[in-house]
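To start, the structure under review is shown below, and the notes come after it.
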Amino acid sequence: MLEKTYTWHKLAESVEELQLSAAGLVEVEIAGKKICIGLHNAVLHGCAAKCPHAGGKMSEGYIDAIGNIVCPVHRYKFSLQKGRNISGEGYFLKIFPVQQRPDGIFVGIEENNLLNWLK
């Protein structure tokens with residue numbers, strides 16, 4: 001299996017700078033992509049900004065007690081670790097890795113380079 005290669009983009013200096021909603025979510029735009037950032041149990045997660053089912057804005061949803069992000073439109077639930085739809089509908093939500101480092105918060109965007117297989 002090929003290892004994924006990411007380009008890391010700085011989102012913010014701190015969690016406070018992200019201006020998360022009361023539900024712990026915010027939509028950001030970085031490298032031409034809209035991404036939903038969520039905070040659960042002091043860990044940041046990143047996923048696609050829109051639900052793959054009906055296009056609901058994930059940042060308008062919430063994170064349930066066990067750490068799944070819930071779409072505001074039809075309440076479909078997705079794992080923030082794997083992107084798998086856990087409420088049974090069979091959809092997959094794109095996941096973006098997020099790192100909290102001493103110099104800020106970064107999100108990884110997968111490189112879509114045809115030459116990645118050479119690495």
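What you see below is based on every heavy atom in this structure, not just the backbone, and it leaves out hydrogens, waters and symmetry mates. Residue numbers count from 1 along this sequence. Just so you know, these numbers come straight off a predicted model, no measurement behind them.
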Lys/Arg N to Asp/Glu carboxylate O, E110 vs K33, below 4.0 Å: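 Not counted as a salt bridge, because no side-chain N and carboxylate O are separated by less than 4.0 Å.
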Looking at every non-hydrogen atom in both residues, tell me the closest pair between [X] and [Y] and how far apart they are.
X    : Y    : result
A23  : G61  : CB-O, 3.7 Å
R75  : S87  : O-OG, 4.4 Å
D103 : F106 : OD1-CE1, 3.6 Å
A48  : M58  : O-CG, 3.6 Å
F92  : K82  : CE1-O, 2.9 Å
L93  : P52  : CD1-CD, 3.7 Å

Say you draw a straight line from [atom1] of [X] to [atom2] of [Y]; how long is it, rounded to the nearest 0.5 Å?
X   : Y    : atom1 : atom2 : result
F78 : C51  : CZ    : SG    : 4.0 Å
N68 : H40  : CG    : NE2   : 8.0 Å
I30 : T7   : CD1   : OG1   : 11.5 Å
K50 : C71  : NZ    : SG    : 11.5 Å
K10 : R101 : NZ    : CZ    : 9.5 Å
I66 : S79  : CD1   : OG    : 9.0 Å

From CA spacing to verdict: side-chain contact (heavy atoms from CB on, under 4.5 Å), L39, V26: CA-CA 9 Å; L39 180 67; V26 67; over 6 Å; no
I37: which of I105, L18, V15 passes side-chain contact (heavy atoms from CB on, under 4.5 Å):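 Between I37 and the candidates, side-chain contact (heavy atoms from CB on, under 4.5 Å) is satisfied uniquely by L18.
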side-chain contact (heavy atoms from CB on, under 4.5 Å) partner of L44, chosen from V107, L80, V98: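 Only match with L44 under side-chain contact (heavy atoms from CB on, under 4.5 Å): V98.
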Atom CD of Q19 with >12 non-hydrogen neighbours under 6.0 angstrom: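 Counting neighbours around CD of Q19, 12 or fewer heavy atoms of other residues, nucleotides or ligands fall under 6.0 Å, so no.
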Whether H53 and Y76 hold their rings parallel, tilted or perpendicular, with breakpoints at 30° and 60°: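 The arrangement is tilted - the two ring planes meet at 30° to 60°.
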Residue pair P97 / W8, side-chain heavy-atom distance below 4.5 Å: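 In contact.
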Beyond-backbone contact of C47 with I35, side-chain heavy atoms, under 4.5 angstrom: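 Not touching, per the 4.5 Å side-chain cut-off.
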Trace of the side-chain contact (heavy atoms from CB on, under 4.5 Å) decision for D64 with K77: CA-CA 9 Å; D64 69 12; K77 295 181 179 186; 3.7 Å; yes
Any side-chain donor near an acceptor of the partner, E111 and T5, under 3.5 Å: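 Side chains of E111 and T5: no pair found under 3.5 Å.
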